[in-house]
Number of protein chains: 4
Amino acid sequence: MDGFQRRREQKKTHILEATLALIMEFGVQKVSIAEIAKEANVSQVTIYNYFESKHNLMHATFIYYVDKVWAEYEELLQKDIPFPEKIKQIIFTKKETAKQIHPDFYEQLMKEYSEGFHYLENLYNEKAIPYFIELFNQGKQQGHVDPDLSNEAILFYIQMMKEYIQREDVYQKVLPITEDLTKLLFYGIVGKRDN
Amino acid sequence: MDGFQRRREQKKTHILEATLALIMEFGVQKVSIAEIAKEANVSQVTIYNYFESKHNLMHATFIYYVDKVWAEYEELLQKDIPFPEKIKQIIFTKKETAKQIHPDFYEQLMKEYSEGFHYLENLYNEKAIPYFIELFNQGKQQGHVDPDLSNEAILFYIQMMKEYIQREDVYQKVLPITEDLTKLLFYGIVGKRDN
Amino acid sequence: MDGFQRRREQKKTHILEATLALIMEFGVQKVSIAEIAKEANVSQVTIYNYFESKHNLMHATFIYYVDKVWAEYEELLQKDIPFPEKIKQIIFTKKETAKQIHPDFYEQLMKEYSEGFHYLENLYNEKAIPYFIELFNQGKQQGHVDPDLSNEAILFYIQMMKEYIQREDVYQKVLPITEDLTKLLFYGIVGKRDN
Amino acid sequence: MDGFQRRREQKKTHILEATLALIMEFGVQKVSIAEIAKEANVSQVTIYNYFESKHNLMHATFIYYVDKVWAEYEELLQKDIPFPEKIKQIIFTKKETAKQIHPDFYEQLMKEYSEGFHYLENLYNEKAIPYFIELFNQGKQQGHVDPDLSNEAILFYIQMMKEYIQREDVYQKVLPITEDLTKLLFYGIVGKRDN
DNA sequence: AATGAATGAGGGTTCATTCAT
DNA sequence: GATGAATGAACCCTCATTCAT
């Protein structure tokens, strides 16, 4: 990649960062191209030169975001720590990237940007899922996980806790009850029967 | 309330229903006053005569919606059925009203319509919470619930499952794993230790 | 039609007149909605309330124009004057409406507004053509027209002269040679063989 | 002209060809500099380096076009064939160059590019007209043309038929009635009196 | 000399809101 | 009290043209 290309990529990234920041706070619809241009210190047309339309810009921003999240995630998955600790970290570690995520962002991802969504699903199915399956199977062998539970259900369950807990409006309430939530995760509402 | 007042209330309700229907499908931002007016078969100005601004209309619609949901909910809470069954119903019964709820709806509720949000919180704190506390306490006494768990944590947990499962994009995936999710709810990932 | 409807129609006509005037001078593309709004003393949005889009406005303007032209034309066709005189008037009478017609107008009619074009063709086929056929047949019987010529060819020929002569850039040159052009029309370049 | 100059001219011609092709299909207004640049495989700025503005580029393209048309035309005029045959060819021969001409092209020529127009008129007056005058005079002497008709009128007449017939929307209709149109050209609507 | 990048001005369109009847 | 009509502001997008390399 020559100097031109590199500068171009840098600027693109710059615009994507600005877009992401604004989108996460205000949502896709409330952010105008004019605002993005201002935030990124470029003219509106420059954005069009790079991304052709608001739709495309949003699509590209999604991809950019997903890649970023995945990069952070992967690191955690590779860590060599005991099973229960890893599960706890997966659920309760609030990722930098997800901090200020705006619900509208996901909504748009689902409804209007199906391409972006497929990209996400692909990544998920081909990289994340296989890893989790392996993780759960290990957990079952080591006696940390009820072997009668389907991996799908466990994955769903963990995904649920993770996503819900990261919702900005919810996160505040989680902190004081983290310990109890961990217990609920492992032993349910019936609780541990340690006899 | 005289005839005039009653007619006025009817018309208001009519507008609120139309607004709610549109909002739930398309979200607050994508629905214009013109569309609401058309759906409700009134002129735009009539809406302004009743609600003064789009903001106010949305606020009123939230209140209207929350009351409606609560009415449905209350019924379930009063039912005289065993504890585990009631918990399952609370979580897995998909309410009519919530069926097609649009994420944007909650978002707006949180961010822009704090008054509406406070109304919701009030209702929740003063009516729902006390009932749940009572319910959990009973559960603890009957041995269905680990007495060491805080009520806040259990409530949070149940709320989480309920809300997450009712997300339209999620609901489809839940059906085949309902049994396992129930087990997870009661016994956690470690599973039942029935010895 | 009540007062409201009538006022509405008047305003519509007003906008159509303004549009027509501007279009004829500058062409469809060079005229902006903003300019039309100014010319008609309404806001841009009012135009959208009536016509929904620029495309629709142009379409309506075409219909309006065609009807207008036809009304003028019909009058001439009904006149009770001798055949040669009528032909000459048809060709050389410059109609008020056609005075400042802009080529772009026809072009758009052809290319983008096919509905409008079909309207025009219908009118032509069902009203104008039958009259001409009748006229030419009379002309042939009275010895004014070569009976071997097809009516289609004659009609084409007359249409050609009429249209070409009314082109603004051409009209100026026609005046001094009107007499000769009449001779050419009736006798061709070979000229009259009055023996 | 040295090598630099020659390359420069080639590039200019290349741009002119691209411009002409696009203009003829879409009209002056619908073609953007960006499109021309793409079609000609140069950057937009290169076009500005050569032609300074869109206006100038269009002007140059007109000149280029006119010269091209004239070159084709001249060939026909020089042919040594009988008078009636030559007239017919002049009118009915559809030139390659004119095949896909866009009405907008003429319009712009008339309204905005008066310089280009003068160039055309000059060419016409100084090269074409004298030739036609000579041709018609020969025609008159040979008895093919009514000697009472002014050369201006005949020229106008032929020009009219030629231009009208070459209009793309018209050309289709001409073919089946070519024979009759020829008769009309030579003998008018009254027809040949061959007694 | 040639290019990629950037831009100000303007176009069509939509929307929440007000005016006038 | 209810309505049709009207509007200013804002939005997405395009284009001829200039800047910087």
Side-chain angles (χ1 to χ4, degrees), chain A residues 2-8 10-12 15 29-37 40-58, chain B residues 4 7-8 11 29-37 41-58, chain C residues 2-5 7-8 10-12 15 29-37 40-58, chain D residues 4 7-8 11 29-37 40-58:
Chain A
D2 60 15
F4 270 127
Q5 283 287 341
R6 208 175 311 125
R7 275 188 76 95
R8 191 181 168 85
Q10 275 177 12
K11 201 138 206 171
K12 253 183 144 169
I15 293 172
Q29 316 222 35
K30 283 280 191 189
V31 172
S32 72
I33 295 288
E35 284 167 324
I36 295 172
N41 273 321
V42 298
S43 101
Q44 293 193 41
V45 186
T46 298
I47 294 177
Y48 280 90
N49 283 340
Y50 281 104
F51 298 98
E52 291 184 333
S53 69
K54 187 179 183 180
H55 184 100
N56 273 18
L57 172 59
M58 292 307 154
Chain B
F4 269 126
R7 279 186 74 96
R8 192 181 163 85
K11 204 152 199 171
Q29 318 223 33
K30 285 279 192 187
V31 172
S32 70
I33 295 289
E35 283 166 325
I36 295 172
N41 273 320
V42 296
S43 98
Q44 299 191 40
V45 187
T46 299
I47 295 177
Y48 277 87
N49 285 339
Y50 281 108
F51 299 97
E52 293 186 327
S53 73
K54 187 179 184 182
H55 185 99
N56 276 15
L57 172 60
M58 291 307 154
Chain C
D2 61 16
F4 269 127
Q5 283 287 340
R7 276 188 76 94
R8 194 182 164 84
Q10 275 176 12
K11 200 135 205 172
K12 253 183 143 170
I15 293 172
Q29 318 222 34
K30 283 281 192 188
V31 172
S32 72
I33 296 288
E35 283 167 325
I36 295 172
N41 273 320
V42 297
S43 103
Q44 294 193 43
V45 186
T46 297
I47 294 177
Y48 279 89
N49 283 340
Y50 282 103
F51 298 98
E52 292 184 328
S53 70
K54 187 179 185 183
H55 184 100
N56 273 18
L57 172 59
M58 293 306 155
Chain D
F4 270 125
R7 278 187 74 94
R8 192 180 164 85
K11 204 151 201 172
Q29 317 221 34
K30 286 278 192 188
V31 172
S32 70
I33 296 289
E35 284 167 324
I36 295 171
N41 274 320
V42 296
S43 97
Q44 298 190 40
V45 187
T46 301
I47 295 178
Y48 278 86
N49 285 338
Y50 281 109
F51 298 98
E52 293 186 329
S53 71
K54 186 178 186 182
H55 185 100
N56 274 16
L57 172 59
M58 292 307 153

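Source: prediction; values computed, not measured. Chain letters run A, B, ... following the sequence lines, proteins first, then strands; residues in each count from 1.
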Figure out the [atom1]/[atom2] separation between [X] and [N], and round it to whole Å.
{"X": "C:Leu57", "N": "E:dT13", "atom1": "CG", "atom2": "C1'", "answer": "13 Å"}
{"X": "C:Asn49", "N": "E:dC19", "atom1": "CG", "atom2": "P", "answer": "17 Å"}
{"X": "C:Gln10", "N": "F:dA5", "atom1": "CD", "atom2": "C1'", "answer": "14 Å"}
{"X": "C:Ile36", "N": "E:dT13", "atom1": "CD1", "atom2": "C1'", "answer": "14 Å"}
{"X": "D:Asn41", "N": "E:dG4", "atom1": "CG", "atom2": "C1'", "answer": "15 Å"}
{"X": "B:Ile47", "N": "F:dA2", "atom1": "CD1", "atom2": "P", "answer": "12 Å"}

Please state whether the phosphate of F:dG1, meaning OP1 or OP2, lies under 4.0 angstrom from any side-chain nitrogen or oxygen of B:Tyr50.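 Checking F:dG1 against B:Tyr50, no side-chain N or O comes under 4.0 Å of OP1 or OP2.
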Using a cut-off of strictly less than 4.0 Å, decide whether B:Thr46 has a side-chain nitrogen or oxygen near OP1 or OP2 of F:dG1.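 So the side-chain polar atoms of B:Thr46 never come under 4.0 Å of the phosphate oxygens OP1 or OP2 of F:dG1.
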At under 4.0 Å between heavy atoms, which parts of nucleotides 10-15 of chain F does protein reach? Answer with one letter per nucleotide, 5' to 3': B base, S sugar-phosphate only, - none. -SSBBB
Rounded distance (nearest 0.5 Å) linking atom [atom1] of [X] with atom [atom2] of [Y]:
{"X": "D:Ser43", "Y": "D:Ile33", "atom1": "OG", "atom2": "CD1", "result": "11.0 Å"}
{"X": "A:Thr46", "Y": "A:Asn41", "atom1": "OG1", "atom2": "CG", "result": "11.0 Å"}
{"X": "C:Glu35", "Y": "C:Lys30", "atom1": "CD", "atom2": "NZ", "result": "10.0 Å"}
{"X": "D:Ile47", "Y": "D:Glu52", "atom1": "CD1", "atom2": "CD", "result": "13.5 Å"}

For a quick test of reading the model, state the closest non-hydrogen atom pair linking [X] to [Y] and the distance between them.
{"X": "C:Met58", "Y": "C:Ile36", "result": "CE-CD1, 4.1 Å"}
{"X": "D:Lys54", "Y": "D:Val31", "result": "NZ-O, 2.9 Å"}
{"X": "C:Gln44", "Y": "C:Ala34", "result": "NE2-CB, 3.6 Å"}
{"X": "C:Phe51", "Y": "C:Ile15", "result": "CE1-CG2, 3.7 Å"}

Would you mind classifying the nucleic acid contact of A:Phe51 as base, sugar-phosphate or nothing, using non-hydrogen atoms under 4.0 angstrom?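 Nothing, no nucleic acid heavy atom in range.
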Under 4.0 Å between any heavy atoms, over every strand shown, what does D:Lys11 touch: base, sugar-phosphate, or nothing? Just pick one. sugar-phosphate
Contiguous Watson-Crick or G-U pair runs (3 or more, under 3.5 Å) in DNA chain E: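 When the pairs of DNA chain E are grouped into runs of at least three, the stems are E:2-21 with F:2-21.
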With a 4.5 Å heavy-atom cut-off, do C:Tyr48 and C:Leu57 have their side chains touching? no
